[in-house]
Visitor: 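One structure, pasted below without further comment.
Remember, it's a predicted structure, so these values are computed and weren't measured experimentally.
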Amino acid sequence: MAEHNALGKKGEKLAVDFLVEKGYDILEKNYRYLKSEVDIIAQKENIVVAVEVKTRSTPEFGNPQDFVKPKQMQSLVKAIDHYVVNNDLDVEVRFDIVAIVTNKLGTKIEHLEDAFYHF
């Protein structure tokens with residue numbers, strides 16, 4: 001497995017653990033719809049949260065959350081809309097980013113709630 005793939009998987013595991021600790025229920029991991037993928041679909045109370053996880057080994061080239069681009073946001077919106085309709089859910093939907101920097105110096109996790117809106 002390529003090093004960046006291993007880092008991404010580690011980041012997703014850290015994000016799941018972090019969200020569970022904050023009281024979220026994890027509904028899906030790596031949910032796919034057409035060409036879109038939602039890293040984590042979680043729920044807290046009556047809010048379903050589509051979570052994009054961005055993991056980096058260094059913030060040297062920018063914060064992890066800065067790498068979520070508009071096209072990816074649109075893709076996430078389509079996927080979570082499909083999930084909500086397909087599961088006949090009557091819930092509010094929110095889009096969060098969990099930004100992680102992890103390396104030999106430690107791990108920093110930042111949870112950005114309501115990171116972007118429907119287009």
Side-chain angles (χ1 to χ4, degrees):
M1 182 181 314
E3 193 174 321
H4 71 278
N5 289 342
L7 183 63
K9 290 293 170 206
K10 177 182 179 182
E12 287 178 14
K13 169 86 173 86
L14 288 167
V16 164
D17 294 346
F18 176 83
L19 291 168
V20 167
E21 198 174 289
K22 286 183 74 171
Y24 289 83
D25 294 318
I26 305 303
L27 304 177
E28 299 277 346
K29 292 185 271 187
N30 304 107
Y31 177 79
R32 292 188 164 281
Y33 172 66
L34 301 176
K35 293 180 180 179
S36 304
E37 180 182 357
V38 181
D39 292 333
I40 301 168
I41 299 176
Q43 184 167 357
K44 191 169 187 181
E45 296 159 7
N46 199 36
I47 301 173
V48 167
V49 185
V51 182
E52 177 64 17
V53 180
K54 286 296 182 191
T55 309
R56 298 288 181 266
S57 58
T58 175
E60 188 177 326
F61 301 107
N63 293 317
Q65 61 269 30
D66 297 338
F67 293 91
V68 181
K69 303 298 181 203
K71 188 172 177 71
Q72 185 178 14
M73 291 176 193
Q74 289 175 325
S75 178
L76 288 168
V77 169
K78 285 179 189 166
I80 199 66
D81 283 348
H82 177 267
Y83 179 83
V84 168
V85 169
N86 204 42
N87 289 286
D88 197 27
L89 300 176
D90 183 21
V91 293
E92 182 181 329
V93 175
R94 190 178 79 208
F95 296 90
D96 291 4
I97 297 172
V98 174
I100 301 170
V101 176
T102 185
N103 54 42
K104 63 184 178 205
L105 301 174
T107 300
K108 179 184 172 207
I109 300 176
E110 188 176 356
H111 182 192
L112 296 103
E113 294 182 7
D114 248 342
F116 58 91
Y117 304 96
H118 278 118
F119 291 53

Visitor: Do L34 and K78 have side-chain heavy atoms sitting under 4.5 Å apart?
Guide: no
Visitor: Suppose we screen for side chain to side chain contact (heavy atoms under 4.5 Å, CB included). Which residues come up paired with A42, at least two apart in sequence or across chains?
Guide: Y24, I26, I40
Visitor: Nearest 0.5 Å, please: how far is CG in D25 from CD1 in I41?
Guide: 13.5 Å
Visitor: Checking E12 now: which residues fulfil side-chain hydrogen bond (donor to acceptor under 3.5 Å, both in side chains) with it, not counting sequence neighbours?
Guide: N30
Visitor: Which residues satisfy the salt bridge (charged side-chain N to carboxylate O under 4.0 Å, His left out) test with D39, sequence neighbours excluded?
Guide: none
Visitor: At their closest point, which heavy atom of G8 faces which heavy atom of T55, and how far apart are they?
Guide: O-OG1, 4.4 Å
Visitor: The criterion is side-chain hydrogen bond (donor to acceptor under 3.5 Å, both in side chains); which residues satisfy it with T107, sequence neighbours excluded?
Guide: T102
Visitor: Going from CG on L76 to CG on D81, what distance comes out if it is rounded to the nearest 0.5 angstrom?
Guide: 10.5 Å
Visitor: If the condition is side chain to side chain contact (heavy atoms under 4.5 Å, CB included), which residues does N87 pass it with, not counting sequence neighbours?
Guide: Y83, L89
Visitor: Checking Y31 now: which residues fulfil side-chain hydrogen bond (donor to acceptor under 3.5 Å, both in side chains) with it, not counting sequence neighbours?
Guide: H82
Visitor: Side-chain polar contacts of residues 45-52 - donor-acceptor pairs under 3.5 angstrom, sequence neighbours left out - could you list them?
Guide:
residue : atom : partner : partner atom : Å
E52     : OE2  : Q72     : NE2          : 2.7

Visitor: Rounded to the nearest 0.5 Å, what's the gap from CG on N103 to OG1 on T58? Could you check?
Guide: 7.0 Å
Visitor: Can you name the salt bridge (charged side-chain N to carboxylate O under 4.0 Å, His left out) partners of E92, sequence neighbours left out?
Guide: none
Visitor: With sequence neighbours left out, write down each residue that passes side-chain hydrogen bond (donor to acceptor under 3.5 Å, both in side chains) with K22, or none if nothing qualifies.
Guide: H111
Visitor: Would you list the pairs meeting salt bridge (Lys or Arg N to Asp or Glu O under 4.0 Å) in which at least one residue belongs to residues 95-111, sequence neighbours left out?
Guide: R94-D96
Visitor: If you take all heavy atoms of A99 and L112, which pair is closest and at what distance?
Guide: CB-CD1, 4.2 Å
Visitor: State which residues pass salt bridge (charged side-chain N to carboxylate O under 4.0 Å, His left out) with K13; sequence neighbours excluded, sorted by chain then number.
Guide: D17
